[in-house]
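Please read the structure below before turning to the comments.
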There are 2 protein chains.
Amino acid sequence: MRKTSTQAAKLPLNTILQGDCIAQMNALPEGSVDLIFADPPYNLQLKGDLHRPDNSKVDAVDDAWDQFSSFAVYDKFTREWLKAARRVLKPDGAIWVIGSYHNIFRVGAALQDAGYWILNDVIWRKSNPMPNFRGKRLTNAHETMIWASKSEKAKYTFNYEALKALNEDVQMRSDWVLPICTGHERLKDAKGAKAHPTQKPESLLHRVLIGTTKPGDVVLDPFFGTGTTGAVAKMLGRNFIGIEREDAYIEVARARLARVRKLDEADLQVTQPKRSQPRVPFGQLVERGMLRPGEKLYSPRGDVAKVRADGTLAASNARGDHHGSIHQVGAALEGAPSCNGWTYWTFRREGKPVPIDYLRQQIRSEL
Amino acid sequence: MRKTSTQAAKLPLNTILQGDCIAQMNALPEGSVDLIFADPPYNLQLKGDLHRPDNSKVDAVDDAWDQFSSFAVYDKFTREWLKAARRVLKPDGAIWVIGSYHNIFRVGAALQDAGYWILNDVIWRKSNPMPNFRGKRLTNAHETMIWASKSEKAKYTFNYEALKALNEDVQMRSDWVLPICTGHERLKDAKGAKAHPTQKPESLLHRVLIGTTKPGDVVLDPFFGTGTTGAVAKMLGRNFIGIEREDAYIEVARARLARVRKLDEADLQVTQPKRSQPRVPFGQLVERGMLRPGEKLYSPRGDVAKVRADGTLAASNARGDHHGSIHQVGAALEGAPSCNGWTYWTFRREGKPVPIDYLRQQIRSEL
DNA sequence: TATTAACATGAATCCAACG
DNA sequence: ACGTTGGATTCATGTTAAT
């Protein structure tokens, strides 16, 4: 049995507190919480509208709670809630904060300044991010989480074996590939619109709570939103405390939590999705020096193509000049609708032809 | 030919400057560099000789102050070199900084405070990281890079199509999977030990330079180390300037650079954007008689527009009467914010619909 | 009912050249 | 400098409509 301290008994466990998170945290007893998961406003600074190439409009995060007039204002807010959070943490407690490049550097610096001790930064690699529609930057395909203990000396909880088991018996890495929250999991309001613009997937919280809490622990979420943290905590037999300002979110969260059932031990066995063969872009052979720009590739019928610095090929034959991917140039040379460039092209090693697919296998074996 | 400005002529191109990077950057002409790649140190090892502002010695017991003070020293260093770096950047220049959770949050916040404009944070996901031997944390399997322009308004270089080509025709994401630097690429000193503790892989710099520089650009690396930035820059036909303090690293870097050969111009060619093709006014199709005034164009949904002698269109549908450019009328018919008239409209040739873009291609091929 | 195609959408600091 | 206009730009996944 787990001992329940006198303080913990006074905690408003498994409820949602309405109001400002700083005030609400300050009203909680000091040193009473095992883990905090925080998804604060990111302070996005969006200018005009954005449209997809099909002219549909992107539903942007333009809510009032994400508006800050300057970095200074955002920093002040961040430092204040981090201070209040640190007070309610047990001495061996820890915190997770999630963010994007808009805010995460300021949050990370504030964490360090406040005396937290960073344990890892963890990258949530989204398997299905929104593309960059205008082609002006890299696809923003990840978010960053910082995992930190209350102090350098804290004996934080880390379930190494559990995470290893979740990861096909190899150590869990600092980058997690998980899909964004869509489909039935995505909560809708009465009108069928998304109830919250930034609902996090339960899979993310599942991994966080399995990895860094024990059953019965108290998990506090000061930016509760629609209650993903609470739902997963309840499911996994942890206690939660949520703090949220907006009526609409609280209402959705309450209904959600009422539907959640605590899982039996047996149900906690998570089935891992099978890993499909990772896609290896041909360009990576060039970047990694396995093939050099200018090097020649040969087709089965003796055509020659030159590799370029961006991983495209250039070749010519009676049909004309061709430029493009290994597949496109192969198809063009053959006059075929398509072509598998990996098996079509060979390079010369010690005078002998070697299929480029050999190099792809080499990369895959490293992954 | 690429124009060489007077300032650029005075730059110490393709050399290594020895000394403190701040002093050396301040000695370079203002606004003279296209790109900076920086891998700053993060273990400054200040704890040994730390003094408070009043010159009293730091009590080792006072951990919190020690930590804060050491952050303050690191921040001061960071803000100073970032300021010097920003001065030497051209107005449309950009910077990359790489780091880990020990320092990257402080660097990111300092970048924003200095007026840089973050474009992406990029995760270098290591395919072969060092495991966490003690099993006390997650395997630290990535490093973070920040890509930022000199200012919000800067027209930074981004070779979207080249990076897309490198990634098998899918737009490049913010997470890059690349192996760490090992094997033959890892430079050794006379005793066979690794010459530099954090040598970066050339594949990483390849992607950075292909993606965010043009041939002939000036790339500055203020923490040159063993010269990975210089080696890849030379290979890819970019100019470099390296700054390094340590004799030993400079020596290794010089020998390394001497071995590098620049690739042929043809192999440095990279997939070009459509925008780089000459602009063809629609009116030219009419002037050339490829389309006649009064001829009918058809929209995908069957609306009809008539070509007028000045190259404008006139059409009407339920939304009303419309007159203007091919783009404007297309957008008006669709009720869309914009429309690419070239791909929207078709004309009839031998009874079959042909996109008007076909005629544009015909003109372009004559140029 | 089964299969296929069309449609919808996600934390986004998302244009450039010309007059 | 500033306003106007041409015209370029998307990936994975889940849901709904159509065949």
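None of the values given here were measured: they were computed from a predicted structure. Here is the naming used below: chain letters follow the sequence lines, and residue numbers restart at 1 for every chain.
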For nucleotides 3-13 of chain D, give me one character per nucleotide, 5' to 3': B if any protein heavy atom sits under 4.0 Å from the base, S if the only such contacts are to the sugar-phosphate, - if neither. ---SBBBBBSS
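- Neither side chain, Ser316(B) nor His322(B), offers a donor N or O lying under 3.5 Å from an acceptor on the other.
- Of all nucleotides listed (dT9(C), dA11(C), dA12(C)), dA12(C) comes nearest to the side chain of Asn140(A).
- For the pair Asp49(A) CG and dT9(C) P, the interatomic distance rounds to 16 Å; values are reported in whole Å.
- When the P atom is used for both dT9(D) and dA11(C), the distance is 25 Å, rounded to whole Å.
- As rounded to whole Å, 14 Å separates atom P of dC14(C) from atom CG of Leu138(A).
- Nucleotides dT1(C) and dT19(D) have their C1' atoms positioned 12 Å apart, rounded to a whole Å.
- Atom P of nucleotide dA12(C) and atom NE2 of His142(A) are separated by 13 Å, given to the nearest angstrom.
- Comparing the P positions of dA12(C) and dT5(D) gives an interatomic distance of 31 Å, to the nearest angstrom.
- At the heavy-atom level, Asp59(A) lies under 4.0 Å from the strands shown only through sugar-phosphate atoms.
- If Lys136(A) and Ile180(A) are placed on DNA chain C by their nearest nucleotide, the residue sitting closer to the 5' end is Ile180(A).
- Counting non-hydrogen atoms under 4.0 angstrom, Asp39(A) reaches a base of the nucleic acid.
- Residues Tyr101(B) and Trp147(A) have side chains that never bring a donor and an acceptor to within less than 3.5 angstrom of each other.
- Computed from coordinates, the Lys57(A) NZ to dC14(C) P distance equals 14 Å when rounded to whole Å.
- Nucleotides dG10(C) and dA8(D), compared at atom P, are 28 Å apart to the nearest Å.
- Side-chain atoms of Thr157(B) and Lys214(B) include a donor-acceptor pair closer than 3.5 Å.
- Here the P atom of nucleotide dG10(C) and the NE2 atom of His196(A) are 13 Å apart, to the nearest Å.
- Put simply, NZ on Lys155(B) is 7 Å from P on dA17(C), counting in whole angstrom units.
- For the pair Asn167(B) (side chain) and Asp169(B) (backbone), a donor-acceptor distance under 3.5 Å is absent.
- As a whole-Å value, the separation of Asp66(A) CG from dA11(C) C1' is 8 Å.
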When you compare the protein's N or O atoms with those of nucleotides 5-7 of chain C, which come within less than 3.5 Å of each other, and at what distance?
none

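- At a threshold of 4.0 angstrom between heavy atoms, the contacts of Ile118(B) include nucleobase atoms, whether or not backbone atoms are also involved.
- Take Phe133(A) and apply the ring pair (Phe, Tyr, Trp, His ring centres under 6.0 Å) test, not counting sequence neighbours, and it matches no residue.
- The ring of His142(A) has its center no closer than 6.0 angstrom to the ring center of Trp124(B).
- Salt-bridge check for Arg288(B) with Glu366(B): passed, with a basic side-chain N closer than 4.0 Å to an acidic carboxylate O.
- Here Lys194(A) lies in heavy-atom contact (under 4.0 Å) with sugar-phosphate atoms only.
- Put simply, the side chain of Leu204(A) reaches to within 4.5 Å of the side chain of Met145(A), judged on heavy atoms.
- One finds no salt bridge joining Arg125(B) and Asp175(B) here, because no Lys/Arg side-chain nitrogen approaches an Asp/Glu carboxylate oxygen to under 4.0 Å.
- In this structure, dA18(D) forms a base pair with dT3(C), meeting either the Watson-Crick or the G-U wobble geometry with both donor-acceptor distances under 3.5 Å.
- Across all strands shown, dA12(D) forms a Watson-Crick or G-U wobble pair with dT9(C), both key distances being under 3.5 Å.
- The aromatic rings of Phe105(B) and Phe105(A) sit tilted, their planes meeting at an angle between 30° and 60°.
- Pair assignment for dG6(D) gives dC15(C), based on Watson-Crick or G-U wobble hydrogen-bonding distances that are each under 3.5 Å.
- In this structure, Lys153(B) atom NZ and dC2(D) atom P are separated by 10 Å, rounded to whole Å.
- The base of dA11(C) lies close enough to the side chain of Lys200(A) for a donor and an acceptor atom to sit less than 3.5 Å apart.
- More than 12 heavy atoms of other residues, nucleotides or ligands sit less than 6.0 Å from atom NZ of Lys188(A).
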